[in-house]
Amino acid sequence: MGGGDIGEILPKHYVGVENLSGSIIAVDAYNMLYQFLSTIRQPDGTPLMDSNGRITSHLSGIIYRVTNLMACGILFIFVFDGSPPELKMKTLKRRKESREYARMQWEYLREISPELALKYAKASAYVDEEIVESAKKLLSYLGVPIVQSPSEGEAQAAFIAARGDAHHVASQDYDSLLFGAPSLIRNMSISHRHYTIISLHETLKTHNITRENLIDVAILIGTDYNDGIRGIGPKKALKLIKKYGCIEKIIAAKKIDTEGIEDYQIIREMFLHPDVYENYEIKWNPPDESKVLSFLCDEHEFSEARVRRALSRIVRERDDDDRSSRDSEKRRKKSSEQARISDWL
DNA sequence: CGGCGTCA
DNA sequence: TGACGCCGG
């Protein structure tokens, strides 16, 4: 909602996928699905679809990305949104309106200028119930655990990581850090050579602030739940919080008005104590090859050769000597790399 | 986005 | 082998 990008004040590390081998990553599912739907398109902006007109861009994204990264030794937990907090409604309404505007522009432009149309097509992407259900189906056939959040997926993912059931949260957004995720991974695609990792602990240490301070900084800039203060970006917000300690004291010192941060106490409380399920089950299953094949190839007309190849990356081979020696080699590599990452966590 | 064929 | 560009559904 706000104008600034809190990412500007977060210390970042860039790591290759090898460094993530052996780690458990809680994925902000909505965020990843949105990325797939927005980017996996034809040059004129049309998403991938089966012959019944059902969108399949996200299924393509999942089958290739998840199998690739699993083959690199990563374990996934996909965390899905529940119902959004009341304070987010304004943002959601605004997003819906700009999506509908983009859809009109796309439909108008697709015959005139495909490459201009593409931009609007991407902006018109949305995650509906059918997208969510088909994604859950494919993930469950792949044996990937799914966790439902009562409210924000990022909050649930952060809770899972903070509790120690995952090492990182994967999302393009920064909110999971505010929700207490110890580590955030961005740009987690196969084509990105290096992923961005942000450690909450390192962030707080770098600026000598608390998580509550960081949340106040985010509220001043603007979040999904408030507009933020006009003219205040991440640098100014951080400076103010470091000088005065909290939003209450900045207001008391008459440095800012409350316009754009009216609900700051409620929002701060939401980030500190979000609505999450404390009981959830995380269980990795072996992929059900035949269910994946019938779902993707029979129902959605994927190429069987391609899907088989993707699956071959993650299905257990016969347990011969070759295999077990490679496995133990991987395990040795994994523990030394895990130690390297934990240096700055 | 990721797969896959092409070409140097 | 790696950069490039079209195709997938």
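Reminder, nothing fancy here: chain letters follow the sequence lines and each chain counts from 1. If you're wondering where the values come from, they're calculated on a predicted model, not measured in any experiment.
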Answer with base, sugar-phosphate or nothing: what part of the nucleic acid does A:Ser60 contact at a heavy-atom distance below 4.0 Å? base
Parallel under 30°, tilted from 30 to 60°, perpendicular over 60°: which one fits the rings of A:Tyr280 and A:Phe159? perpendicular
Reckon A:Arg313 touches a base, only the sugar-phosphate, or nothing at all at heavy-atom distances under 4.0 Å? sugar-phosphate
note: A:Asn68, atom CG; B:dC1, atom P; distance rounded to Å ~ 14 Å
What contact category does A:Ser57 fall into here, base, sugar-phosphate, or nothing, at under 4.0 angstrom with non-hydrogen atoms? nothing
Categorize A:Gln35 for me: base, sugar-phosphate, or nothing, with a 4.0 angstrom heavy-atom threshold over every strand shown. nothing
When rounded to whole Å, the CD to P distance for the pair A:Glu299 and C:dG9 reads 15 Å
Interatomic distance, A:Leu37 CG vs C:dG8 P [rounded to whole Å]: 19 Å
Rounding to an integer number of Å, can you tell me how far A:Phe302 CZ sits from B:dG2 P? 14 Å
Just verifying a value: how many Å separate A:Gln156 CD and A:Ser176 OG, rounded to the nearest 0.5 Å? 13.0 Å
What is the separation between atom CE on A:Met49 and atom P on C:dG9, rounded to the nearest whole Å? 13 Å
Can you tell me if A:Arg309 touches the phosphate of B:dC4, counting only side-chain N or O atoms and a distance under 4.0 Å to OP1 or OP2? yes
What's A:Ile40 touching, base or sugar-phosphate or nothing? Going by heavy atoms closer than 4.0 Å. base
Given atom CG of A:Asp44 and atom C1' of C:dG8, what is their separation to the nearest angstrom? 14 Å
Cationic tip of A:Arg110 above A:Trp106 ring, under 6.0 Å, 45° of axis: yes
Sugar-phosphate, base or nothing in reach of A:Pro47, heavy atoms under 4.0 Å: base
Respond yes when some side-chain nitrogen or oxygen of A:Arg65 is under 4.0 Å from OP1 or OP2 of B:dC1, and no when none is. no
note: A:Leu296, atom CG; B:dG3, atom P; distance rounded to Å ~ 14 Å
Quick one: are A:Glu115 and A:Pro43 in side-chain contact, heavy atoms under 4.5 Å? no
Does a donor on one side chain and an acceptor on the other come within less than 3.5 Å for A:Asp50 and A:His300? yes
May I have the distance from A:Asp50 (atom CG) to C:dC7 (atom P), rounded to whole angstrom? 20 Å
